[in-house]
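What follows is one structure encoded as structure tokens, with my remarks underneath.
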Amino acid sequence: MKIASIETFSTQYVGFVRVTTDTGAQGWGQVSTYNADITSLIVHRQVAPYALGQPANEIERIVDMIPEKEHKFPGSYLCRATCGLETALWDLQGKLAGKSVCELLGGKPRRLRAYGSSMRRDITPEQEADRLTRLRDKHGFDAFKFRVAAEYGHDVDEWPGRTEEIVPLMRKRMGDKVALLVDANSGFSPRRAIEVGKLLVDNGISHFEEPCLYWELEQTKEVADALDIDVTGGEQDCFMPVWKQMIAMRAVDIVQPDVCYIGGMIRTLRVAKLAAAAGLPCTPHSANLGMVTLFTMHLLGAIPNAGKYLEFAIEGPDYYPWQEGLFRNAPYDVRDGHVTIPSEPGWGVEIEPRWLEQSTYQVSRAE
């Protein structure tokens, strides 16, 4: 059974991939969000030529072959494009076997604790606390992540004093029974990150994400070594040697690969395995309600060092208008602060046909 065609359905923000074999079997995946139309072009130009005609069940070999064939392009876009193919092949294999991807990976579909993940820095701390309180009461979340610093702010906050205001306010409003996490998005120098980290510790914050410029691993390690709090990172990293270095030097306490950024499930599983050998948990980055959160759900159900919770984006159409109307049956119903890994074959989701009809279509076929 060989790969006969690779199709993409894309907009600027979202790109779905459909793989069809010479037997007519099909599977669906997704390239990474953002500039997905560009990534879809890369699927056809730099991924499909090596995958077409290959045995559809040899996922790992194909994933390893592509960066070797495209060795002059070792960066993010090739990984984002490979993810579309790779995740479609997992869906295909699951449907053929009558098993969920989680089960194919040796796991079992189950409930997962989720943390509500905020993306907002453009609202006041009071407004943020108000909306997170409403979500806690409505959906039962017992964990939230909110934003400190300014994205790549070089120690300049979103506005003066915002970090110092929001941290104690969130603890006061959420109470002691809610776990609180923060994300600095590479906003601080080590000196300022350590200063803020002490404020976080004093307010019972348990997770300090990407405190410094993410590519400066020594800076992140300096912060991790100085604080009694979990310092986390890795969402941006797609180059395996960087992951090996990050884990070997223990620059972070929790690894956070993004399935779509890193190039799919196999490469994410390799990072999780490296982390497990070092005694580190894996809490992947999944900051929108495209398929990345679904991929992460299946992954967390299968790895032995899964972190405490699943990142679950709380932003609606006012922030992410492009994530509306993607699926007919998205498994993103939060009850008592938990979501459930689908047990249906493959990913367990159906792409909305009306969305596909309005997308830009391209196809590559085996000769």
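In what follows, residues are counted from 1 in the order of the sequence shown. Everything quoted here is computed from the prediction, not taken from an experiment.
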Treating [X] as the side-chain partner and [Y] as the backbone partner, does any N or O pair qualify as donor plus acceptor under 3.5 Å?
{"X": "Gln323", "Y": "Glu315", "result": "yes"}
{"X": "Lys69", "Y": "Tyr50", "result": "no"}
{"X": "Arg173", "Y": "Thr133", "result": "no"}
{"X": "Ser186", "Y": "Cys212", "result": "yes"}
{"X": "Gln256", "Y": "Gly234", "result": "no"}
{"X": "Asn329", "Y": "Glu350", "result": "yes"}
{"X": "Asp237", "Y": "Trp243", "result": "no"}
{"X": "Asp253", "Y": "Val231", "result": "yes"}
{"X": "Arg80", "Y": "Thr33", "result": "yes"}
{"X": "Arg171", "Y": "Asn203", "result": "yes"}

- Residue pair Glu158, Arg147: steps toward the side-chain contact (heavy atoms from CB on, under 4.5 Å) verdict: CA-CA 10 Å; Glu158 195 73 10; Arg147 306 282 159 157; over 6 Å; no
Counting only heavy atoms not in [X], do more than 12 fall under 6.0 Å of its [atom1]?
{"X": "Arg110", "atom1": "CZ", "result": "yes"}
{"X": "Asp137", "atom1": "CG", "result": "yes"}
{"X": "Tyr332", "atom1": "OH", "result": "yes"}
{"X": "Tyr361", "atom1": "OH", "result": "yes"}
{"X": "Asp176", "atom1": "CG", "result": "no"}

Any side-chain heavy-atom pair of [X] and [Y] under 4.5 Å:
{"X": "Leu269", "Y": "Leu299", "value": "yes"}
{"X": "Val271", "Y": "Cys282", "value": "no"}
{"X": "Val259", "Y": "His298", "value": "no"}
{"X": "Leu227", "Y": "Ile194", "value": "yes"}
{"X": "Leu326", "Y": "Phe16", "value": "yes"}
{"X": "Leu180", "Y": "Phe146", "value": "yes"}
{"X": "Ile262", "Y": "Cys79", "value": "no"}
{"X": "Met1", "Y": "Asp22", "value": "yes"}

Return a table of donor-acceptor pairs under 3.5 angstrom between the side chains of residues 35-42 and protein atoms on other chains or two or more places apart.
from	atom 1	to	atom 2	distance (Å)
Asn35	ND2	Tyr77	OH	3.3
Thr39	OG1	Asn35	O	3.2
Ser40	OG	Ala36	O	2.9

Please tabulate, one pair per line, all N/O donor-acceptor pairs under 3.5 Å involving side-chain atoms of residues 82-99, not counting sequence neighbours.
from	atom 1	to	atom 2	distance (Å)
Thr82	OG1	Leu78	O	2.8
Glu86	OE1	Met265	N	2.9
Glu86	OE2	Trp90	NE1	3.2
Glu86	OE2	Met265	N	2.9
Glu86	OE2	Ile266	N	2.7
Thr87	OG1	Gln30	N	3.2
Thr87	OG1	Cys83	O	2.6
Thr87	OG1	Gly84	O	3.4
Asp91	OD1	Trp347	N	2.9
Asp91	OD2	Trp28	N	2.8
Asp91	OD2	Lys95	NZ	2.8
Gln93	NE2	Ala56	O	3.2

Roughly how far apart are [X] [atom1] and [Y] [atom2], rounded to 0.5 Å?
{"X": "Asp333", "Y": "His139", "atom1": "CG", "atom2": "NE2", "value": "8.0 Å"}
{"X": "Ile351", "Y": "Arg18", "atom1": "CD1", "atom2": "CZ", "value": "10.5 Å"}
{"X": "Cys102", "Y": "Leu294", "atom1": "SG", "atom2": "CG", "value": "11.0 Å"}
{"X": "Arg267", "Y": "Cys238", "atom1": "CZ", "atom2": "SG", "value": "6.5 Å"}
{"X": "Gln46", "Y": "Ile66", "atom1": "CD", "atom2": "CD1", "value": "10.5 Å"}
{"X": "Ser76", "Y": "Tyr34", "atom1": "OG", "atom2": "OH", "value": "13.0 Å"}

Do [X] and [Y] land in one hydrophobic cluster if side-chain heavy atoms of ILVMFWY residues count as linked below 4.5 Å?
{"X": "Val31", "Y": "Ile62", "answer": "yes"}
{"X": "Phe239", "Y": "Leu274", "answer": "yes"}
{"X": "Leu199", "Y": "Ile229", "answer": "yes"}
{"X": "Phe327", "Y": "Leu356", "answer": "yes"}
{"X": "Met119", "Y": "Ile123", "answer": "no"}

- Message: As a quick check of understanding, evaluate side-chain contact (heavy atoms from CB on, under 4.5 Å) for Leu181 and Glu209, giving each step before the final call.
- Response: CA-CA 8 Å; Leu181 305 76; Glu209 185 169 334; 6.0 Å; no
Note: [X]-[Y] ion pair, threshold 4.0 Å (strictly below):
{"X": "Arg120", "Y": "Glu128", "result": "no"}
{"X": "Asp225", "Y": "Arg250", "result": "no"}
{"X": "Glu70", "Y": "Arg45", "result": "no"}
{"X": "Lys172", "Y": "Glu165", "result": "no"}

- Query: Gln358: what forms a side-chain contact (heavy atoms from CB on, under 4.5 Å) with it, not counting sequence neighbours?
  - Reply: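 Counting only residues at least two positions away or on another chain, Gln358 forms no side-chain contact (heavy atoms from CB on, under 4.5 Å).
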- Can you list the residues that meet the side-chain contact (heavy atoms from CB on, under 4.5 Å) rule with Gln236, with sequence neighbours excluded?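 Gln236: side-chain contact (heavy atoms from CB on, under 4.5 Å) contacts with Tyr152, Glu210, Tyr214, Tyr261.
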If you compare all heavy atoms of [X] against all heavy atoms of [Y], which two are closest, and at what distance to 0.1 Å?
{"X": "Phe144", "Y": "Leu132", "answer": "CZ-O, 3.2 Å"}
{"X": "Phe9", "Y": "Ser359", "answer": "CB-OG, 3.3 Å"}
{"X": "Ala149", "Y": "Ala184", "answer": "CB-O, 3.7 Å"}
{"X": "Val292", "Y": "His285", "answer": "CG2-O, 4.1 Å"}
{"X": "Arg61", "Y": "Pro55", "answer": "NH2-CD, 3.6 Å"}
{"X": "Asp157", "Y": "Glu164", "answer": "OD2-OE1, 4.3 Å"}

- Item | Tyr320: partners by ring pair (Phe, Tyr, Trp, His ring centres under 6.0 Å), with sequence neighbours left out | Trp322
- Taken in chain and number order and not counting sequence neighbours, the residues that satisfy ring pair (Phe, Tyr, Trp, His ring centres under 6.0 Å) with Tyr319 are none
- Message: So if I apply the side-chain contact (heavy atoms from CB on, under 4.5 Å) rule between Tyr115 and each of Phe141, Phe312, Tyr309, which one comes out positive?
- Response: Tyr309
